Amino acid sequence: MSEKLKRPQQVTMAAIVAGTASLVMLISIGDRLSRWNSVDLRDGFADFLARDDLGERLGLSLGQAMGLARVGLFVAAALAAAILVLVVFAARRDKGARVAMTVLAVPLMLVGLLVDAFLAGFVLAGAVLLWSEPARDWYAGRAPRERPTPPTAPPQGQQPPSPSPFQAPPPSAPPSAQGGPAAYAGTYGAPPVPPQAVPAQPLTRPTQVVIACVTTWVVSGLVAVFTLVSLVSTFVPGTRGEVRDQVEQALADSDQKQAMASAGITVDELVTAAQVVLVLVLLWALVAVVLAVLAFAGRGWARVTLIVSASCAALLGILGALGAVPLILVSLACAFAISRLISRPAAQWYAAPKGP
């Protein structure tokens, strides 16, 4: 019965509004990051900090303000990409995706002010629509509840018709309908026939789930190993000096060195920021390994979270491939794992009850 319920209009509208707003927000963030070192953008930040001496009151320089804004844009891009994936699963009546989308819509509303407040508001409005009464009934697997209509009162001064004494009484219901024992349908004297027990169908883990989890373990393990090696090497005094020299040589042949000097960003700050990014990537890879273990065990929320994580990793891999071509392999592996996790056998296996 629950499989034949029609999707409410509120859920369809929420998916369209939130998905479109998230996609437009991603395009807008990519456009802004592509012209991040432009003179117009830097002048806009400088004018914003100069209003009412906002920069002096907050204790932020132009370089620090642009650095914080860039981090906020990356966070907004990750949240928008995650919501864009969750919208698809929420439209397919996934309760975990609905909850995750609602939770992520709140911080997106905050960091979305750096991109477009209206787009972030549309995403939040779509999340609110998923909790309307028809949507709650649909996610619970029950038919929409009809509102009771109030009884119509007779016109003023007119009494309701009284039953006629000559009217025949309504036919009485059989004893079984009145609550009495029902008639025995079997043969008297024969032993009762036991009910036919339906054999339990064994739940076998689909091959698609196994392939997706193994792919996640291999790729995340390799990323974690390379990231850990790179992170440890940056803390070695001799290697840190070599990294610093390589960064200086890379910036010497580009126009970014002048922009960094005007923004007050040093090479040591860039190396420290790279270390922070490596730590975050290492933690992300380890979390992906744990999510794959839980998804392999049949946890539906872990499957949805792993799909969101792989989608964000694929997006960042495509952006990073502009500077490091091998990262495109990570994006392809993430896309392959996502295609296995959203396949029909995997969806049916996660939706089936697996007992206590």
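Nothing here was measured: the structure is a model prediction, and the numbers come from that model.
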I want to check something: taking the side chain as every heavy atom from C-beta on, are [X] and [Y] in contact at a cut-off of under 4.5 Å?
{"X": "L316", "Y": "W284", "answer": "yes"}
{"X": "R303", "Y": "F89", "answer": "yes"}
{"X": "T216", "Y": "V289", "answer": "no"}
{"X": "L26", "Y": "L315", "answer": "yes"}
{"X": "L278", "Y": "L282", "answer": "no"}
{"X": "L291", "Y": "W301", "answer": "yes"}
{"X": "Q10", "Y": "R136", "answer": "no"}

Are [Y] and [X] co-members of a hydrophobic cluster defined by side-chain heavy atoms under 4.5 Å apart?
{"X": "V210", "Y": "W217", "answer": "yes"}
{"X": "L73", "Y": "V75", "answer": "yes"}
{"X": "V287", "Y": "V85", "answer": "yes"}
{"X": "V223", "Y": "I307", "answer": "no"}
{"X": "V304", "Y": "L79", "answer": "yes"}

**Asked** With a cut-off of 6.0 Å (strictly less than), are more than 12 heavy atoms of other residues, nucleotides or ligands near OH of Y139?
**Response**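 Enclosed.
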
Could you tell me which non-hydrogen atom of [X] sits nearest to which non-hydrogen atom of [Y], and how far apart they are?
{"X": "W138", "Y": "R93", "result": "O-CD, 3.0 Å"}
{"X": "R92", "Y": "A347", "result": "NH2-CB, 4.2 Å"}
{"X": "A91", "Y": "V11", "result": "CA-CG1, 4.3 Å"}
{"X": "A90", "Y": "A97", "result": "N-CB, 3.7 Å"}
{"X": "P345", "Y": "P206", "result": "O-CG, 3.6 Å"}
{"X": "V123", "Y": "A21", "result": "CG2-CB, 3.6 Å"}

Can you measure from [atom1] ([X]) to [atom2] ([Y]) and round to the nearest 0.5 angstrom?
{"X": "L341", "Y": "C213", "atom1": "CG", "atom2": "SG", "answer": "6.5 Å"}
{"X": "I211", "Y": "S339", "atom1": "CD1", "atom2": "OG", "answer": "9.0 Å"}
{"X": "C334", "Y": "L329", "atom1": "SG", "atom2": "CG", "answer": "11.0 Å"}
{"X": "S132", "Y": "M13", "atom1": "OG", "atom2": "CE", "answer": "11.5 Å"}
{"X": "L113", "Y": "L119", "atom1": "CG", "atom2": "CG", "answer": "11.5 Å"}
{"X": "S22", "Y": "L104", "atom1": "OG", "atom2": "CG", "answer": "10.0 Å"}

Say whether, by atom type as modelled, one donor and one acceptor occur between the side chain of [X] and the main chain of [Y] under 3.5 angstrom.
{"X": "R7", "Y": "T12", "answer": "no"}
{"X": "S28", "Y": "V24", "answer": "no"}
{"X": "S309", "Y": "T305", "answer": "no"}
{"X": "S331", "Y": "I318", "answer": "yes"}

For L130 and M101, what are the C-alpha separation, side-chain angles and deciding distance, and is it a side-chain contact (heavy atoms from CB on, under 4.5 Å)? CA-CA 10 Å; L130 293 178; M101 176 182 168; 3.6 Å; yes

